[in-house]
Novice: 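Starting off with a structure, shown below.
Since we're looking at a predicted model, the values are computed, not measured.
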Amino acid sequence: MYRLTIRSYILLLLSCLSCLLPIAAQAQLKATPFSILEERQRGGNHFTQGLYFDGQRWWESSGLYRRSWLAEYTDPSEKPVRRKWLPGRLFAEGLTVLGDKLYLLTYKAGELHIYNASNLQHLEVKQYNGEGWGLTSDGESLIMSNGSNKLTYRDPDTFEVKRQLKVHGAGEVWSNLNELEFAEGLIWANIWQDSRIIAIDPISGEVRGAVDLNRLNPDVRKHPDTVANGIAWDKKRNGLWVTGKFWKQLYLIRPEGLGFRKSAVQ
């Protein structure tokens with residue numbers, strides 16, 4: 001009996017190791033180099049949850065209960081053109097603009113708030129289950145994160161679920177996916193409590209690369225609240241605007257590859 005037990009244990013161990021081999025065989029994810037094209041200063045009281053840039057105007061959502069707001073800027077270094085304060089019961093999360101509408105998630109209320117993007121007039125509310133974290137669009141669907149390893153594609157008219165995408169690959173287990181941005185055919189995601197932003201294949205869910213923003217974090221003490229959060233695609237200048245919660249800076253960066261080309265336009 002004793003020998004059978006030992007033999008069974010060894011077989012079980014070998015089986016477990018064989019399951020891990022495909023994961024270990026995957027190439028470890030290396031940080032993609034990037035250049036800084038521009039730095040802009042702003043107020044340091046932004047608990048940034050969502051960031052969007054259409055080439056002329058900026059929209060930003062800032063979170064926390066009784067302190068959440070939605071704002072539009074022509075220059076994020078200046079005062080907002082307009083700002084909407086949310087009811088105290090709501091915690092603002094990610095946002096995106098699709099067509100003439102702005103879509104804003106809430107953390108635990110299960111409410112998607114829809115606004116007129118041109119004047120921030122509140123239009124309607126859609127309900128959803130679970131938490132809301134990040135939001136972006138591929139031009140047809142809304143793509144939402146909820147702090148897990150899954151992204152959910154939703155219909156922009158009804159907010160009904162169309163499909164789910166499991167994020168995987170690069171030798172890591174992914175979770176805490178947060179603020180999102182669709183750029184150059186990839187979904188970019190912040191990761192809560194991680195200085196990296198990752199590039200995700202929108203079809204397979206495979207992680208194609210990562211950019212580490214650690215050196216941009218202005219808080220040398222690395223307080224848990226001063227995490228990188230906020231990604232906005234600058235199509236004309238061929239880069240990504242990035243920032244973080246309570247950061248006083250926004251940076252326009254250009255990753256080397258991952259759809260971003262070398263350009264004379266800075």
Side-chain angles (χ1 to χ4, degrees), residues 36-63 67-86 90 92-106 112-126 132-144 156-157 178-190 197 228-254 259-260 263 265-266:
I36 301 174
L37 307 183
E38 185 180 347
E39 176 181 341
R40 293 193 187 186
Q41 300 296 314
R42 64 172 190 168
N45 61 343
H46 302 211
F47 195 81
T48 303
Q49 299 289 69
L51 191 67
Y52 187 88
F53 180 52
D54 73 352
Q56 294 182 320
R57 296 177 296 170
W58 303 74
W59 291 269
E60 180 185 8
S61 53
S62 180
R67 294 171 59 184
S68 287
W69 48 258
L70 171 65
E72 176 194 341
Y73 307 84
T74 53
D75 183 344
S77 300
E78 304 294 334
K79 292 182 178 180
V81 174
R82 54 182 59 85
R83 188 193 326 241
K84 289 271 189 178
W85 291 90
L86 274 64
L90 296 178
E93 282 286 347
L95 66 82
T96 194
V97 174
L98 179 59
D100 59 358
K101 294 179 180 178
L102 182 147
Y103 300 84
L104 174 69
L105 293 174
T106 54
L112 172 78
H113 288 255
I114 305 174
Y115 299 83
N116 184 319
S118 65
N119 57 17
L120 296 188
Q121 177 188 356
H122 193 269
L123 301 177
E124 61 179 316
V125 178
K126 300 287 187 183
W133 285 42
L135 193 66
T136 189
S137 172
D138 61 0
E140 295 183 359
S141 301
L142 298 177
I143 307 170
M144 170 185 172
D157 295 322
N178 203 357
E179 152 65 342
L180 304 173
E181 180 72 350
F182 195 92
E184 300 293 359
L186 296 170
I187 303 169
W188 287 84
N190 283 111
I197 57 175
N229 208 47
I231 312 169
W233 184 23
D234 191 325
K235 187 175 182 179
K236 181 177 180 181
R237 297 183 66 186
N238 187 33
L240 296 171
W241 287 97
V242 295
T243 189
K245 301 174 191 284
F246 299 130
W247 288 21
K248 294 183 179 181
Q249 300 85 10
L250 295 102
Y251 299 93
L252 179 61
I253 67 169
R254 182 181 296 150
F260 290 92
S263 173
V265 177
Q266 300 295 315

Novice: Would you check, one step at a time, whether the test side chain to side chain contact (heavy atoms under 4.5 Å, CB included) holds for Ser137 with Met144?
Specialist: CA-CA 9 Å; Ser137 172; Met144 170 185 172; over 6 Å; no
Novice: Kindly write out the residues that satisfy side-chain hydrogen bond (donor to acceptor under 3.5 Å, both in side chains) with Glu184, not counting sequence neighbours, or none if the list is empty.
Specialist: none
Novice: First locate atom CG of Leu51, then atom CG of Leu95, and finally report the distance between them rounded to the nearest 0.5 Å.
Specialist: 7.5 Å
Novice: Answer whether the closest heavy-atom distance between the side chains of Thr136 and Glu181 falls below 4.5 Å.
Specialist: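 Counting from C-beta outward, Thr136 and Glu181 do come under 4.5 Å.
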Novice: Return yes when atom CD of Glu140 has more than 12 non-hydrogen atoms of other residues, nucleotides or ligands closer than 6.0 Å, and no otherwise.
Specialist: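 No - once you tally the heavy atoms of other residues, nucleotides and ligands closer than 6.0 Å, there are 12 at most.
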Novice: Take atom NZ of Lys126 as the centre, draw a 6.0 Å sphere, and report whether it contains more than 12 heavy atoms from other residues, nucleotides or ligands.
Specialist: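 Yes.
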Novice: If I compare all heavy atoms of Pro156 with all of Leu142, which pair ends up nearest, and what's the gap?
Specialist: CA-CD1, 3.9 Å
Novice: I need the minimum non-hydrogen distance between Ala71 and Trp69, along with the two atoms involved.
Specialist: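 Taking Ala71 first and Trp69 second, the nearest heavy atoms are CB-CZ3, 3.5 Å.
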Novice: CH2 of Trp59 to CD of Glu72: how many Å apart, nearest 0.5 Å?
Specialist: 5.5 Å
Novice: Is Thr106 reaching over with its side chain to a backbone N or O of Ala92, donor-acceptor style, under 3.5 angstrom?
Specialist: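 Not a single qualifying donor-acceptor pair exists.
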Novice: Is Ile143 close to Ile187 at the side-chain level, that is, under 4.5 Å between some pair of heavy atoms?
Specialist: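 The answer is yes; the side chains approach within 4.5 Å.
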Novice: Once rounded to the nearest 0.5 Å, what's the spacing between atom CG of Leu104 and atom CG of Leu135?
Specialist: 8.5 Å
Novice: Could you tell me which non-hydrogen atom of Leu98 sits nearest to which non-hydrogen atom of Gly139, and how far apart they are?
Specialist: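 The pair with the smallest heavy-atom distance is CD1-O, 3.7 Å.
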Novice: Do you know which two heavy atoms are closest between Leu250 and Pro76, and how far apart they sit?
Specialist: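 The answer is CD1-CB, 4.1 Å.
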Novice: Between Glu38 and Arg237, is a salt bridge (Lys or Arg N to Asp or Glu O under 4.0 Å) present by the stated rule, with each step listed?
Specialist: CA-CA 10 Å; Glu38 185 180 347; Arg237 297 183 66 186; 2.4 Å; yes
Novice: Could you state the interatomic distance from CZ (Arg82) to CG (Asn119), rounded to the nearest 0.5 Å?
Specialist: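 Reported value, rounded in 0.5 Å steps: 6.0 Å.
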Novice: So do the side chains of Thr48 and Glu60 get within less than 4.5 Å of each other, counting heavy atoms only?
Specialist: yes
Novice: Is Asp75 paired with Arg40 through a side-chain N to carboxylate O contact shorter than 4.0 Å?
Specialist: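 Yes, charged N to carboxylate O under 4.0 Å.
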Novice: Are the side chains of Val125 and Ile114 in contact, using a 4.5 Å heavy-atom criterion?
Specialist: no
Novice: Under 4.5 Å between any side-chain heavy atoms of His122 and His113, yes or no?
Specialist: yes
Novice: Taking the side chain as everything from C-beta on, heavy atoms only, tell me whether Ile231 gets closer than 4.5 Å to Ile197.
Specialist: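 Yes, close enough: below the 4.5 Å cut-off.
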Novice: Could you walk me through whether Lys245 and His46 pass the side chain to side chain contact (heavy atoms under 4.5 Å, CB included) check?
Specialist: CA-CA 6 Å; Lys245 301 174 191 284; His46 302 211; over 6 Å; no
Novice: Verify the neighbour count for atom CZ of Arg83: are there more than 12 heavy atoms of other residues, nucleotides or ligands below 6.0 Å?
Specialist: yes
Novice: Enter the distance from Lys248:NZ to Asn45:CG here, rounded to the nearest 0.5 Å.
Specialist: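 Going from NZ on Lys248 over to CG on Asn45, the span is 9.5 Å.
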Novice: Measuring from Leu102:CG to Leu70:CG, what's the distance to the nearest 0.5 Å?
Specialist: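 Between Leu102 CG and Leu70 CG, I get 5.5 Å after rounding to 0.5 Å.
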Novice: Mind listing the closest non-hydrogen atom pair of Asn238 and Arg254 along with its distance?
Specialist: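 Closest approach of Asn238 to Arg254: O-NE, 2.9 Å.
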Novice: Are Val97 and Asp54 side-chain neighbours, meaning at least one heavy-atom pair lies under 4.5 Å?
Specialist: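 Not touching, per the 4.5 Å side-chain cut-off.
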Novice: Between the side chains of Gln56 and Thr74, is a donor N or O closer than 3.5 angstrom to an acceptor N or O?
Specialist: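 No, Thr74 and Gln56 have no side-chain donor paired with an acceptor closer than 3.5 Å.
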Novice: Is Arg42 paired with Glu78 through a side-chain N to carboxylate O contact shorter than 4.0 Å?
Specialist: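 Salt bridge between Glu78 and Arg42, a charged N being under 4.0 Å from a carboxylate O: no.
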Novice: Using the rule ring pair (Phe, Tyr, Trp, His ring centres under 6.0 Å), only one of Tyr52, Tyr251, Trp58 pairs with Trp241; which is it?
Specialist: Trp58
Novice: Is a side-chain donor or acceptor of Arg67 paired with a backbone partner of Ser62 at a separation under 3.5 angstrom?
Specialist: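 No: the side chain of Arg67 does not pair with the backbone of Ser62.
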Novice: For Glu93 versus Gly132, what's the shortest heavy-atom pair and its separation?
Specialist: CG-O, 3.0 Å
Novice: Could I get the full list of side chain to side chain contact (heavy atoms under 4.5 Å, CB included) partners for Ala183, not counting sequence neighbours?
Specialist: Trp188, Trp233, Leu240, Phe260
Novice: With a 4.5 Å cut-off on side-chain heavy atoms, are Asn178 and Asn229 touching?
Specialist: yes
